[in-house]
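Scroll down for the structure; my scribbles are underneath it.
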Amino acid sequence: MNNWLILASQPVQLTPARSQMAFTLAVHILLVPMGVVLPTIMLIANYKGLRHNDVAAMTLARRWSHVAGLLFAVGAVTGTVLSFEMGLLWPGFTKVFGDVFGLPFAIEGISFFLEALLVAIYIYGWRRMKPWTHFWFGMPIPFVAIIGALSVISANSWMNAPAGFTLDSSGKPTNIDPLAAMFNKALPLELTHFLLAAYMAAPFMVASVYMVGWLRGRRDRYHRLGFLIPFTIGAIATPLQFIVGDSIARWVYQNQPAKFAAMEVVTQTGPDQTEYLFGRYNPTTNTVTGIFKVPGLDSVLAGGKRSTVVEGLASVPPQNRASNVTLVHTAFDVMVLIATLLLAMVVWYVIAYWKRRDIPHLRIFQWVAAAAGVLAYIAIEAGWFTTEVGRQPWIVWNIARTSSAVTTSSGIDVSLTVVVILYAALAVAAIMVLRAMTRRWRAGDALTDDAAPYGPRPVGADTPEPGTAEERMPR
Amino acid sequence: MTAAEIVAGIIVFGITLYAWSGLADYGAGFWDLLAGGKSDGRRVRGLIDEVVTPVWEANHVWLIFILVTCWSGFGLLFGAVMTTLFVPLALAVFGIVLRGANFAFRKDAARAGARHVAGWLFGLGAIIVPFFFGTTVGAIMSGRVPANGVGDPLTSWWNPLSITVGVLAVAMSAYLSAVYLVVEADRRGMRGMHDYFRYRALAAGIAALLVGVGAGFALHADSLAMFHRMAHRSWPLLLVGVIALVVTFVMAVRGRARGLRIVAVLGVGALVWSWAVAQYPYLLPFSMTISSGAGADITMKWIIGCFIVACVTVVPLLAYLYVLDQRGNLGEDPTTSVEFSDGTEKRA
């Protein structure tokens, strides 16, 4: 089948619009785990600090909340961009299906509102609110954030598993049931998968920062806690993610066979499917080249035995195939590989910690842990590309094509260019600002460290200061 | 009253609250930009920073609220507006990114130079956003957005009426913000800042009044039908707006801060509702009514339900945030932040 025919019949705005949406989402999704999970991490440190008069934990909590404030602001901005893009890029989507999938966004509006209010009270309340009152105002944030994530993921999972309406003869949705749309059958797994991903990425990223400091020789209690608190959260989420990840892959196999075929580059329908690692897919010949393969494994993963029949791309009409099978497959493999590496790291951590109650001394572990944040973020991006590019050419699975939803406005290439430049500048600025924060705080620490032997005893006088030899472990 | 009409009312309510809160935050950016050189502007910027910081994100959420309610309830309206007015809305989004990101970055930028650039972009963004939102309102009002969305991508918003409404939005943001800052300066016992913003509130208010009259003429020349609706239907609201404006003038001249905010807010709210009342029952004059643009009835009912939940949960917390803020209980954590507002008159 000739791909040019399909491409030629598409609106010219489709590619720039998809690129812009993909790009802005890919940037926003970097901030989401921080928005959802950083509050949890800082509250744990805050609790520890208050409960045990732990100065290092309290310092971490305050600094994390300051970072959370900055990232929350940037996330609010990039999230607003996405809200506008729903209409600016995909008016055909909101026009036709707005009242079907819109309800979760109304709920998201509420939870985002609550989160913004609670975050504001928490971040700007350090100075004057009573410590425990302040802590309790922070406590709802992680839960509110989960409701927010639920709402947004619900809208996305609805695009994968449309429910809550029937199409009339003219192709318009009728018998609309927003609740059924919201609680579609893809929601439970997609939500759990994403939440666990967030509970891996953000904690590992925070832990990485302190592991880098640790590797550079800053081996004090402050860095130890800064690593152990978030890393333990990520370590709990990682094995759970393996179970959920496996379930969601099988869910896709059962419910979106065309997407599964793209993820695993299954070419011909049949049993005993080979599991390919990487490689390139050729859409004209429907073949895969340049790969590492394990015979039969794909069938086993999909259905538990080698005789499991898996639908191949040959059974999907060319106009319904994912637009870029190689990308979907590569992204999927990258995600799984990184997750496997992270699981190995976590297993080592559990064994080493159980034996010695300390950050594992193994150098390779420390190197992987220092990279774990970036790796987990790459895995999130890869997973997002797998599900989103894998859903193409549909905006609503098997019901509405992305090309039917795209705007008729011209000038998307201009807005795409502007957005890329703007976000690049934003990223540079954000990194510069975060580095400036680190430098400022470290300079402050050096000051207190020098002053400590001669200065007054800190609050909670019997607890050690950051950087002293006597150290306790988190509970 | 149908469910769709209630939802339309909820959207106007959201717009009103956004005008009261978010619009004023943009105005603060406007004054920040005009605050002058590094040493001259230090106290002004310090006050603005202190006032806007704890509340701007919460205030910004009203915009998200308006957007999601709009596409859930009135997907056809949302699609049509976003298609025809792609250019001004994309530019408004550009401004939103500039404003929000740079306001956040400015606090923590290490060098004075970077802080200066961030501050400048913050101010620029803060002018861009209300202007283009204003042109959007002007375009809708004058019937340049057809129900099918295929309006002119340029002249729909680049015309005398839309531009005037855009300038009016900027003037209103500056006026409202100056009024708030008078009260904030007063609360902090900052005599100098009190006078500084008192004169600016007056100037911006007069500018808003003049531009508002200009917008009236532009509307008359542009869409007579809409002008008549404004004049015949919305005159009590317009009157309230003008009276409120005049009262704030008197109060500003006399240097009174007590009650100033409430009067200003009343005026701005009246203006928003005068537009809504004049346009009723049209979402897009005169091609789309509330009923023809409405989504499924059941969705409308759910939106109303969500709104009630929001009223029960968000409003008390929002009130509490404002109370904490007004009592001076919120502020940057001195142990983690750059002491940016070092030039301001600190409270004890």
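In what follows, chains carry the letters A, B, and so on, assigned in the order in which the sequence lines appear, proteins first and then strands, with residues in each chain numbered from 1.
The CZ atom of B:Phe78 sits 7.0 Å away from atom CG of A:Leu88, with the distance rounded to the nearest 0.5 Å.
With a 4.5 Å cut-off on side-chain heavy atoms, A:Leu114 and B:Thr313 count as touching. Residues A:Phe105 and B:Leu67 are not in side-chain contact: their nearest non-hydrogen atoms beyond the backbone lie 4.5 Å or more apart. Residues B:Leu63 and A:Phe84 meet the side-chain proximity criterion, which asks for heavy atoms closer than 4.5 Å. A:Met86 has its side chain out of reach of B:Met82: every pair of non-hydrogen atoms, C-beta onward, lies at least 4.5 Å apart. Taking the side chain as every heavy atom from C-beta outward, A:Trp90 and B:Trp71 never approach each other to under 4.5 Å. Side-chain atoms of B:Phe86 and A:Ser410, non-hydrogen and from C-beta on, never get closer than 4.5 Å to each other. Using a 4.5 Å heavy-atom cutoff, the side chains of B:Ser72 and A:Asp99 are not in contact.
Across all their heavy atoms, B:Glu57 and A:Ala76 have their closest contact at OE2-CB, 4.5 Å.
The greatest number of non-hydrogen atom pairs below 4.5 Å with chain A, out of B:Phe94, B:Phe103, B:Phe74, is found for B:Phe94. Between chain B and the residues A:Ala425, A:Gly92, A:Ala430, A:Ala181, the most heavy-atom pairs under 4.5 angstrom are made by A:Ala430. Among B:Cys70, B:Ala90, B:Gly331, the residue making the largest number of heavy-atom pairs under 4.5 Å with chain A is B:Gly331. Between chain B and the residues A:Phe97, A:Phe101, A:Tyr124, the largest count of heavy-atom pairs under 4.5 Å involves A:Tyr124.
Under the ring pair (Phe, Tyr, Trp, His ring centres under 6.0 Å) rule, A:Phe113 has a single partner from B:Phe65, B:Trp62, B:Phe307, which is B:Trp62. Partner of A:Thr80 under the side chain to side chain contact (heavy atoms under 4.5 Å, CB included) criterion, out of B:Val93, B:Ile64, B:Val97: B:Ile64 alone.
Remark: the backbone N or O of B:Thr336 is paired with a side-chain donor or acceptor of A:Arg440 at under 3.5 angstrom. Formation of a donor-acceptor pair under 3.5 Å by the A:Ser409 side chain with backbone atoms of B:Thr83 is found in this model.
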